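Input: a single structure, listed below in structure tokens.
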Amino acid sequence: MKSNLIIPTIICLLTFLISCKKQEKIDLMKLNLNEKIESIIDFNDSIFIGVETVEYPFCLLAEIDNSTKYTFDGIDLKKQKVYFQINSELLKTDSITKSGGGHIDLLPLKKKEDLAPLLKKYKADDYLYGFRIEMKTSEFKNEILRKLENKYGKGTKNPNTDNGLYWNLKKQGKYIFYAPDYDRLTILNNAKLSKTCYWDTFNGLIDFGECNNENYFKELLINTTKPENMKNKTVLTIHNDWSVNDITIGKSSENDFTNSKTSKNFERNIVIQGNTGDINELTYDNDYNNFYFFFDVSKKASENPKYNIIKAYSITDFKRVKISFENGLQPFSSKEEIANKIGADQIENYDDLKFSNYIEIKNASLKIKLMFDDKNEFSSMYVVKK
């Protein structure tokens, strides 16, 4: 009698365990995109929260890698990165967008108790409003597209990319941006977003109708400090060898930097490799003046500042600093004036200047880019060791 009872009991137990396991999966396609963050993440996963300007979402990102928790209408997302977007009023400033195309400030999230302090640090909501899925292969991209078209019909061609599509789902209150050229699918709850404009790096500016570009970006950057209201602007001299003040690329160490007058108002930021604990990236950031230094940590001696050597600097808005050049270049000069001052034979991209928004100066050891704004004025620069 006992053996007869054991078998059905085991079968019921297995059925229960399997059903519970299935219930743990979250279908991202079915989300309302207003769910609490803690209810949709597994703290055993590899999770990082913070800013990544490659994505340019003007929000906080929760980046999750290699999770078994998520599907998209039945498609397993284990091999794809998933990014959840969280509104953060603190990040509606141009300081993050001007930190360079690869500015990353992500902190690991390992336990539930760490979530609230992180959200508080960024003045962020405790619920998501969207997500992004990395799409690595053409097969995966095609499978995602089939799912989208089966549910929402044919999308609208994105004029900014070769193969991009978007859906403006007014009844559902959602935007969908399919950007296969940049390996991204983005779905957003648009309740608190503009109903006429949308912009990010991978999709460009999309006009849903009557988009006022200028007003839209003012709203995105609502917390920006206007240059005319800034006090105590950093004073910078760019020397003939492209060193800045007392800091030289390829020579000055982290010790040199922290002991210099230039280091005032900078914050040390690191990105750590989750599985090893090594520091992958080290920067010193001055978000107030939009001025940044990047360090070479390839020697993995990041806790010994004398081995971390400056490899680049970025000054992303001349209106926020007092800057002068020993070689006679004048900030806010036109591209034509700067090109004439430098000379055609010293410009790497001279043949493309008609279309380019930057001038790259020929140099044996440095990559030097002088950049021009939408008024064609010399307004920012980036210098990196080759």
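Because the structure is a prediction, the values reported are computed rather than measured.
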Under a 4.0 Å threshold between the charged nitrogen and the carboxylate oxygen, would [Y] count as salt-bridged to [X]?
X: R132; Y: D200; value: yes
X: E214; Y: K218; value: yes
X: K141; Y: D183; value: yes

Hey, quick one: are Y127 and L115 part of the same hydrophobic cluster, counting side-chain heavy atoms closer than 4.5 Å, chains of contacts allowed?
no

Could you see if Y83 belongs to whatever hydrophobic cluster contains I47? Use Ile, Leu, Val, Met, Phe, Trp, Tyr and a side-chain cutoff under 4.5 Å.
no

For this output row, return yes or no: ring centroids of Y313 and F257 closer than 6.0 angstrom.
no

Y70-F84 aromatic ring centre distance below 6.0 Å
yes

Qualifying residue, where the test is side-chain hydrogen bond (donor to acceptor under 3.5 Å, both in side chains) with T234 and the options are N290, N289, T262
N289

Looking at K195, I'd like to know if its NZ atom is crowded, meaning that more than 12 non-hydrogen atoms belonging to other residues, nucleotides or ligands lie closer than 6.0 Å.
yes

Please determine whether ring pair (Phe, Tyr, Trp, His ring centres under 6.0 Å) holds for the pair F208 and Y198, giving the CA-CA distance in whole Å, both sets of side-chain angles, and the decisive distance to 0.1 Å.
CA-CA 8 Å; F208 296 123; Y198 176 80; 7.2 Å; no

With rounding to the nearest 0.5 Å, note down the distance linking NZ in K121 to CD1 in I49.
11.0 Å

Looking at CG of D285 and CG of N269, how far apart are the two atoms once the value is rounded to the nearest 0.5 Å?
4.5 Å

Could you tell me if [Y] and [X] have a donor-acceptor pair between their side chains, going purely by distance under 3.5 Å?
X: N349; Y: D352; result: no
X: N87; Y: E89; result: yes
X: S243; Y: D241; result: yes

Ring pair (Phe, Tyr, Trp, His ring centres under 6.0 Å), that's the test. Do Y178 and Y152 meet it? Break it down for me.
CA-CA 12 Å; Y178 174 74; Y152 302 114; over 10 Å; no

For the residue pair Y166 and F177, does the interplanar ring angle fall in the parallel (under 30°), tilted (30 to 60°) or perpendicular (over 60°) class?
tilted

Take the angle between the ring planes of F293 and F266 and call it parallel below 30°, perpendicular above 60°, tilted in between.
tilted

When you measure from the side chain of N160 to the backbone N and O of L205, does any donor-acceptor pair fall under 3.5 Å?
yes

